[in-house]
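Beneath this line is the structure, given in structure tokens, with notes to follow.
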Amino acid sequence: MPRSRPALAALVLCWAGMAEAAPDGAALYAENCAECHGEARLGGTGPALLPDNLGRLKPAQAAEVIRGGRAQTQMPAFEGVLDEAAIEALVALVYTPPETVPEWGMAEIRASHETTGAVPAEAPIYDADPLNLFVVVETGDHHITILDGDRFEPLRRLPTAFALHGGPKFSPDGRFVYLASRDGWIEKIDMWGLEKLAKVRAGINTRNLALSHDGRFVLVGNYLPNSLTVLDAEDLRPLAVIPVADIRGTGSRVSAVYAAPPRQSFIVALKDVAEIWEIPIGPRAVKVSGLAHSNESGAEEVVDSADPFPIRRILLDEPVDDFFFTPDYRVLLGSARSGDRVVAIHLDVGREIAELPLPGMPHLGSAAAFEWQGRQVMATPHLRDAALSVIDIERFEVVDEIETLGPGFFLRAHPATPYAWVDVFFGPDADAVQVLDTRTLELVRTIRPSPGTTAGHVEFTRDGSHALVSVWADEGAVVVYNAHTLEEVKRIPMRRPVGKYNVHNRLAAAGD
Ligand code: DHE
């Protein structure tokens, strides 16, 4: 039935009234959130609340966190304090990009820098092999546990910044470890004294960090701002902020930074532009620049002289990231943006030398190398396909595809055992890890540490005798297996232990 004019007018008035009454997200934020998350949403005691930083949290989950709070953190529950409309307004606000790109340059980084006053210990304060310790990253309540890798006993638990991501990086002698959080906090821990020494916020939205071959510099790669931050590894003092843009000036996020110890350089993967950067450290810098300048092979290379961290640009046809390096660091394999092929780039000549069709979105960053039938190969899980690909890393060809129970995230091998372990991670079998016999390329065992709960990320002890697997739950565990018999040995309760890192093995994997 058609509405009368007065009825329509009343409806319009009513809508106008509703619009007026709609909660003001910014005002609600200022009143309830700014104290911990910062006035400009850049973070404070709580994490940054910007769309890029929240990328992995769905809006419905964010609403749930506002309603119910976050266990084991200072985030309170707002249910009963804020109504649903207010919660929705807050969610809408935090997923809206700020009007101006937040500034995070040298001044802001310097102002965030803090040392704790702790002095590095003169000797280990524990009776355990310092090179067989594990750093277990527990994102359930944002702590790390330092675990004795012989007795499988926790030695110390330390609070960390919110949401660490990427592997912690050890100094070449294993004395110190550096951690990076998604919100840009970098922390340095003394692995003898088991104390935090310093922290600094190197970016607003950070990918990861790398430590130079000589342990002098920490390089941090950021999404926001588009920058690299160089820190003094001694005390995390900022030394340089390098804006990231391609040769034409188009800005780019940094996908990840890597140390290349045999090259004495850093390698930088860029998300949005078709370049890879190499930043030489120390005397090698001169050599690499010379090589690039005298390159007559036609390879497209340009060397900037942005002292003291000169950038060698390797120009590509399209962006590649998620790198795997051959053990000598002469060649890197990178995933093309389409996720359906891998390119091999020779770092000395600065050009693509091979292309491999790998349609399942290989996760090269977590691949592992081993010897198979006298050939140097690596195996990589795929993020999209239920398969492992085995690639000859001298001839750059795929030698085998092995069907798994589901797409996987992390794979680990150790020279002392023929068994490599890969997790399943996605799909109905996410509670399983599978064991690959690297002699036959057969999957020989499926292990479900906690049926029904996601299992992932494997790390070996220093001698390869045991494999440690995470049960990825807030009330989770690190489960220790005998790496030869594949039997469970011990279960250590942990709060969502996303990853664990053995000092010796991580240094060996980095080529130190
Ligand atoms: Fe990671 C390492 C990128 C999502 C857990 N992850 C890395 C590295 C990169 C990377 C480039 C190597 C950095 C290093 O070690 O210095 N990760 C990405 C992504 O692009 C992706 C897919 C999307 C994103 O939001 O960043 C992603 N990663 C995740 C997760 O969702 C994981 C499973 C849980 C989490 O807490 O974030 C996760 N990533 C990890 C872990 C490592 C890692 C545990 C270290 C692996 C190692 O053994 O070294």
Atom of [X], atom of [Y] and distance for their closest heavy-atom approach:
| X | Y | result |
| --- | --- | --- |
| Gly215 | Ala233 | O-CB, 3.1 Å |
| Arg412 | Val458 | CG-O, 2.7 Å |
| Ala121 | Asp190 | N-OD2, 2.7 Å |
| Ser171 | Leu211 | CA-CD2, 3.3 Å |
| Leu50 | Ala40 | CD2-O, 4.1 Å |
| Gly350 | Ile314 | O-CG2, 3.4 Å |

Donor-acceptor contact below 3.5 Å, side chain [X] vs main chain [Y]:
| X | Y | value |
| --- | --- | --- |
| Arg253 | Asp272 | no |
| Trp421 | Val469 | no |
| Asn502 | Thr461 | no |
| Gln434 | Leu405 | yes |
| Arg201 | Gly203 | yes |
| His382 | Arg384 | no |
| Arg41 | Leu49 | yes |
| Thr160 | His142 | yes |
| Thr326 | Val331 | yes |

Task: Partners passing side chain to side chain donor-acceptor pair (under 3.5 Å) against Arg156 (at least two apart in sequence or in another chain) - done: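 None.
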TODO: Could you pull out all residues at least two apart from Trp277 that satisfy side chain to side chain donor-acceptor pair (under 3.5 Å)?
DONE: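 For Trp277, the residues satisfying side chain to side chain donor-acceptor pair (under 3.5 Å) (neighbours in sequence not counted) are Glu275.
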Task: Worked verdict on Phe170 versus Tyr501 for ring-ring contact (aromatic ring centres under 6.0 Å, His included) - done: CA-CA 9 Å; Phe170 296 99; Tyr501 309 86; 7.7 Å; no
Can you confirm whether the side chains of [X] and [Y] place a donor and an acceptor under 3.5 Å from each other?
| X | Y | value |
| --- | --- | --- |
| Thr380 | His363 | no |
| Asn205 | Asn222 | no |
| Thr145 | Glu138 | yes |

Task: Positive for side chain to side chain contact (heavy atoms under 4.5 Å, CB included) with Ile189, one of Leu197, Val135, Ile144 - done: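 Passing option: Ile144.
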Lys/Arg N to Asp/Glu carboxylate O, [X] vs [Y], below 4.0 Å:
| X | Y | value |
| --- | --- | --- |
| Arg216 | Glu234 | no |
| Arg313 | Asp246 | no |
| Arg175 | Asp173 | no |

To the closest 0.5 Å, what do you measure between [atom1] ([X]) and [atom2] ([Y])?
| X | Y | atom1 | atom2 | result |
| --- | --- | --- | --- | --- |
| Ile146 | Lys500 | CD1 | NZ | 14.0 Å |
| Arg182 | Tyr223 | CZ | OH | 8.5 Å |
| Ile402 | Asp400 | CD1 | CG | 5.0 Å |
| Leu507 | Leu131 | CG | CG | 7.0 Å |
| Met494 | Asp141 | CE | CG | 11.0 Å |
| Ser212 | Lys169 | OG | NZ | 12.5 Å |

Task: side chain to side chain contact (heavy atoms under 4.5 Å, CB included) between Glu195 and Thr116, intermediate numbers included - done: CA-CA 9 Å; Glu195 298 263 26; Thr116 61; over 6 Å; no
- [ ] Please work out which of the three classes, parallel, tilted or perpendicular, describes the rings of Tyr258 and Phe325, given edges at 30° and 60°.
- [x]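 Judged by the thresholds at 30° and 60°, the geometry between Phe325 and Tyr258 is perpendicular.
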Open item on the list: Would you call the rings of Trp472 and Phe425 parallel, tilted or perpendicular, taking 30° and 60° as the class edges?
Closed with: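 It falls in the perpendicular class, over 60°.
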Task: ring-ring contact (aromatic ring centres under 6.0 Å, His included) against His414, all qualifying residues, sequence neighbours excluded - done: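 Checked His414 against ring-ring contact (aromatic ring centres under 6.0 Å, His included); matches are Phe460.
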Open item on the list: His113: which residues meet the ring-ring contact (aromatic ring centres under 6.0 Å, His included) condition with it, sequence neighbours left out?
Closed with: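 Residues passing ring-ring contact (aromatic ring centres under 6.0 Å, His included) with His113: none at all.
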Could you check if a side-chain atom of [X] sits within less than 4.5 angstrom of a side-chain atom of [Y], using non-hydrogen atoms only?
| X | Y | result |
| --- | --- | --- |
| Leu436 | Val422 | no |
| Arg462 | Asp129 | yes |
| Arg351 | Ile345 | no |
| Leu228 | Val241 | no |
| Met361 | Asp385 | no |
| Leu358 | Ile391 | yes |
| Val342 | Phe324 | no |
| Thr206 | His165 | no |

TODO: Output, in order, the C-alpha distance, side-chain angles, deciding distance and verdict of ring-ring contact (aromatic ring centres under 6.0 Å, His included) for His466 and Phe134.
DONE: CA-CA 12 Å; His466 293 82; Phe134 287 80; 9.9 Å; no
Open item on the list: Other residues, nucleotides and ligands only: do more than 12 of their heavy atoms fall within 6.0 Å of CD on Glu401?
Closed with: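 Yes, enclosed.
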Task: More than 12 heavy atoms from other groups under 6.0 Å of CZ on Arg157 - done: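 Atom CZ in Arg157 is crowded, with more than 12 foreign heavy atoms closer than 6.0 Å.
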Open item on the list: Cation-pi check for Tyr178 against Lys188: NZ or CZ below 6.0 Å from the six-membered ring centre and within 45 degrees of the axis, yes or no?
Closed with: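 Not flagged: Lys188 not positioned over aromatic ring of Tyr178.
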TODO: Quick one: do Glu459 and Arg506 satisfy side chain to side chain contact (heavy atoms under 4.5 Å, CB included)? Show the steps, please.
DONE: CA-CA 10 Å; Glu459 175 73 301; Arg506 289 305 94 219; 3.0 Å; yes
Task: Contacts of Asp463 that satisfy salt bridge (charged side-chain N to carboxylate O under 4.0 Å, His left out) - sequence neighbours left out - done: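 Once residues adjacent in sequence are excluded, Asp463 has no partner under the salt bridge (charged side-chain N to carboxylate O under 4.0 Å, His left out) criterion.
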Task: salt bridge (Lys or Arg N to Asp or Glu O under 4.0 Å) contacts in which one or both residues fall within residues 370-379, not counting sequence neighbours - done: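 Found Arg375-Asp392, Arg375-Glu397.
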- [ ] List the steps and the verdict of side-chain hydrogen bond (donor to acceptor under 3.5 Å, both in side chains) for Ser181 and Asp183.
- [x] CA-CA 5 Å; Ser181 83; Asp183 280 351; 5.6 Å; no
Open item on the list: Run Leu364 and Phe323 through side chain to side chain contact (heavy atoms under 4.5 Å, CB included) and show every step you take.
Closed with: CA-CA 6 Å; Leu364 300 171; Phe323 294 164; over 6 Å; no
